[in-house]
There are 2 protein chains.
Amino acid sequence: MTQSEQKIATSPSSARERTRAPARARLARILERLNEGGSISVTDIAQEFGISDMTVRRDLAELERDGLLERVHGGAVGLKRGPLEVIDDAEPAFEARTRQNAERKARIAQAAARHVAGRKAIAFDLGTTVLAAANAIVEAGPDPQLRAFSNSLHVGMTMARAGIATYMSGGLIRAEEMSLTGKEAVDGFSRYYFDVVLLGASGMTAEGVFDYSPEEAAVKSVFLQRSAERVLLMDSSKFRRISTVLIATLSEISTLITDAPPPPDLATVLASAGVRVLVADPSHLPERSLE
Amino acid sequence: MTQSEQKIATSPSSARERTRAPARARLARILERLNEGGSISVTDIAQEFGISDMTVRRDLAELERDGLLERVHGGAVGLKRGPLEVIDDAEPAFEARTRQNAERKARIAQAAARHVAGRKAIAFDLGTTVLAAANAIVEAGPDPQLRAFSNSLHVGMTMARAGIATYMSGGLIRAEEMSLTGKEAVDGFSRYYFDVVLLGASGMTAEGVFDYSPEEAAVKSVFLQRSAERVLLMDSSKFRRISTVLIATLSEISTLITDAPPPPDLATVLASAGVRVLVADPSHLPERSLE
DNA sequence: ACAAAAATGTTTTATTATGTTCGAAACGGC
DNA sequence: GCCGTTTCGAACATAATAAAACATTTTTGT
C-alpha cells in the first residue's frame, strides 16, 4: 500500500516504520523516465531493473493511486497537462497538487458535500481536498441560507462566485496556499461559531493530525474550538505520514472522510478516539460507515 | 524531421524497439503530427510506428470519437479550432470589465507603477484599473521590501503570487468585485498607515469622486484617512460621470492618474483643489504633468 | 534467531490490442 | 458512365497484456 512513502521525515528515534530503499529508488526512476519520454512500457521497465512484469504493474498501480501517472494498456503515460496553457498563471505548485490524487479527492469531496448538506454555517480550512469539497458543494446546488467562512482565497472565490455569503478573515497571505495567516486570521474567526468545519491536513498517525505550515496551525486550532462538528478530509496516501506540526489529536476530530479504509493500527486508535470514519466508495454507494 | 527517429520510450540501454510504446502514447503522437502538418495519412502512420493499417484506422476512429480530429479518406485532418479549453472561470462580469478600455487602463497602470516605485507600504483599492496597476508593479520587478494591503482578492492573489508580503482585511465577500466588505474590512485596515493608496472609482465631477457600491465606500474612506498620498486611477471615460455614492471630495485626492487631459471645467476645479494630474501618454514619455 | 509481514516471482486465466483476410465502398482517370 | 486501384470496415485469428491466486524470497520487529 503505502510502503514506499514512509521515509519522508521520520526521526531516527522512533523509526518503527519499515523502509524499503530499492523499491523507492525504482519508483523514482520510473517517474524520471516518464518525464523524459512521455510514456513507458511495462516490459521495458521490467528489463531495465531485472524484475518481473508483475512487479512493474504493481509499481505503476501504486504510482497511479498517488496521482503521479496514468496507466494505459502496455505501460503508463504522464498526466496530461492542459494543451499549451498560456492563459492562467495560477501558482504552479497548487495546480500540481490539485491534480495529484484528483480522483480520490473528488470522491472525498462528493462525500463531504453530502455530509454537510443542510448545514448553515460551514468553515473551510485549506488545501486542495477542501477546495474540491467547496466545489462539490457549489455544484450540488447549495442551500441559499448557507454562510461560508474561510481563510483560503481559493475557497472564498469559489463560494462567492456561486452567490454564497462568504466571510473571510484578514491576515498576511501565504502564497503557497493562498491562505490568510497570522493574528488577524485567528482573531477574524474568533467571534463566530460554526456548524461544521472541513479540515485539510498532510498526515496522520496515532499521535494525531499533522500539517506542513505552522502559520496555519493557529487558524485550524480556532476552527476546531469553535465548530460543533470537526470533519477531516484526507486521502489515504496520507495515512501514517507525519509532517511539521501537530494540528490536533485524534479525539478532537469528529469525522474522517477518506477514500480507503485506514490501516488496522490507525483504525484501532481512530475507533477508540471516537472518530467516525466515512469511506467514500468509488462505486456510487452514498457512504459506507465503519466505526 | 521527427518522423523517423521517434521511438517514444525506448530504453537507452539494451532493449531496442523490442517492445512497443503503449497504444495511448501513439495517440498522443498522432495528434502531435496532426498539429504540425495539418493532415496525416494512414499508411504513413502505419510505417512510422511499424503497425498495420487497420490499427491506425482504429486509432483514428477513437480520436475522432473524442472529437480530436476528423477522418477523411486515406487519413485524417485536424479540426478548424482547438477544442475550446476553458480553464479560467473567473467571473465574466469582471472579465468583461477588464477588457473594457483595456489599453487606457494599461497605460494608467504603467504610469501608476512608475509613480509608486520605491514606496514600502501600498494600499490597493478595488477595480480593474487598480488590478492592472498591481500587475504592472509586479511585472516591473517590485521592491522586495514592499508590503501590499488590499481588500480585493484579485489584487491579493496577484501580489502574493509574486512573492510580495500581502495583507488582507477580513469581511464578507462581494462577488461582483471579489472584494471584502463590512465592519471587519474597515477594522482590518484601521491599524495601519500607508505610504500611498491606489484608488479606483466609477465617476468624477466637481463635487468629488463617485463609486457604485456603498459597501465598499467605508473601506475607501479608511484608505483615504490613513494614506500619506492618495492616488486616484481613473480612465477618461469616467470624467463628469456620477454614480451611487460620493467617496471623496476632490481635495482629498493627492494625485489623479488618467489617460487623457480632463475637460477644462474639471481641470480647473482639480487644480484649485490641489490635485496633481498625471496623464499617461500613449507615446513613451514617462509622465506628463499639467497641474 | 525466530515469526510475521511485506515484497516479489510464478502460474493460470481473462481481457485487450493487434494482425489478417476479404468483400464493399470510395477515389481517380478515361 | 466504365474500370482499376486504393481504402475502408467487419469478422475472425493471434499475440500481447492484465489480473488473480498462490508460492517464494526478503525484510522487519521482537
Side-chain angles (χ1 to χ4, degrees), chain A residues 1-7 10-30 39-66 69-77 205-206 236-237 239-241 260-268 282, chain B residues 7-11 15-30 39-66 69-77:
Chain A
M1 302 284 180
T2 58
Q3 78 282 7
S4 63
E5 301 157 331
Q6 300 298 337
K7 186 76 187 259
T10 49
S11 74
S13 61
S14 69
R16 58 195 196 81
E17 313 283 340
R18 78 243 118 247
T19 61
R20 180 178 295 275
R24 240 192 107 65
R26 226 176 36 218
L27 297 185
R29 176 88 184 102
I30 288 173
S39 71
I40 50 179
S41 90
V42 169
T43 50
D44 278 358
I45 297 294
Q47 285 182 358
E48 178 175 341
F49 291 102
I51 57 178
S52 71
D53 291 9
M54 195 58 224
T55 301
V56 175
R57 292 202 187 91
R58 284 190 269 244
D59 284 353
L60 295 183
E62 178 178 342
L63 290 171
E64 184 183 43
R65 276 208 310 277
D66 285 354
L69 51 75
E70 182 183 350
R71 291 185 70 188
V72 296
H73 202 92
V77 298
T205 70
S236 56
S237 72
F239 288 145
R240 297 167 115 172
R241 290 178 64 171
D265 51 344
L266 253 186
T268 308
Chain B
K7 279 78 179 193
I8 292 203
T10 49
S11 147
R16 195 91 241 167
E17 186 77 297
R18 181 80 202 101
T19 63
R20 271 192 292 265
R24 182 75 173 269
R26 220 175 40 216
L27 299 186
R29 176 86 186 102
I30 289 174
S39 73
I40 50 180
S41 91
V42 170
T43 50
D44 280 358
I45 297 293
Q47 284 182 358
E48 177 176 339
F49 291 102
I51 57 178
S52 72
D53 291 8
M54 194 57 225
T55 301
V56 176
R57 290 200 191 93
R58 283 189 271 244
D59 284 354
L60 295 184
E62 181 177 344
L63 291 171
E64 184 182 43
R65 193 163 40 77
D66 289 350
L69 52 75
E70 184 185 348
R71 294 185 68 187
V72 296
H73 205 88
V77 298

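Chain letters run A, B, ... following the sequence lines, proteins first and then strands; every chain starts at 1. Heavy atoms only: backbone and side chains are in, while hydrogens, waters and symmetry mates are out.
- Annotation: of the two residues near DNA chain D, G74(B) and D53(A), the 5′-most nearest-nucleotide partner is G74(B).
- In terms of the side chain to side chain contact (heavy atoms under 4.5 Å, CB included) criterion, residue partners of V42(B) (sequence neighbours excluded) are, by chain and number, D53(B), V56(B), R57(B), L60(B).
- Going from atom CD1 of I45(A) over to atom CZ of R26(A) covers 10.0 Å, rounded to the nearest 0.5 Å.
- Between I30(B) atom CD1 and D59(B) atom CG the span is 4.5 Å, to the nearest 0.5 Å.
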What string of B, S and - do you get for nucleotides 22-30 of chain C, 5' to 3', if B is base contact, S is sugar-phosphate-only contact and - is no contact with any protein heavy atom under 4.0 Å?
----SS---

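- Note that the CD atom of Q47(B) and the OG atom of S41(B) stand 8.0 Å from one another [nearest 0.5 Å].
- In this structure, D44(B) places its CG atom 15 Å from P of dT6(D), rounding to the nearest Å.
- One can place CG of D59(B) at 15 Å from C1' of dG9(D), the figure rounded to the nearest angstrom.
- Checked against dG19(C), dA17(C), dT8(C), the side chain of R26(A) finds its nearest nucleotide in dT8(C).
- As rounded to whole Å, 9 Å separates atom P of dT18(C) from atom CG of L27(B).
- For dG19(C), one of the phosphate oxygens OP1 or OP2 lies less than 4.0 angstrom from a side-chain nitrogen or oxygen of S52(B).
- Not counting sequence neighbours, the partners of R58(B) by the side chain to side chain contact (heavy atoms under 4.5 Å, CB included) test are M54(B), T55(B).
- The separation between F49(B) atom CZ and dA17(C) atom C1' is 15 Å, rounded to whole Å.
- Summary for the helix from dA1(C)-dT30(D) to dC30(C)-dG1(D): the axes at its two ends, each from 5 pairs, differ by 60° when rounded to the nearest 10 degrees.
- At whole-Å resolution of the value, CG in L60(A) and P in dA18(D) are 8 Å apart.
- A straight line from CD1 of I51(A) to P of dT24(D) spans 21 Å, rounded to a whole angstrom.
- Applying the side chain to side chain donor-acceptor pair (under 3.5 Å) criterion to S39(B), with sequence neighbours excluded, gives no partner residue.
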All N/O pairs under 3.5 Å across the protein-nucleotides 19-22 of chain D interface:
from: dA19(D); atom 1: OP2; to: R71(A); atom 2: NH1; distance (Å): 3.4
from: dA19(D); atom 1: OP2; to: R71(A); atom 2: NH2; distance (Å): 3.1

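- V72(B) comes within 4.0 angstrom of sugar-phosphate atoms only, judged by non-hydrogen atoms across all strands, and of no base.
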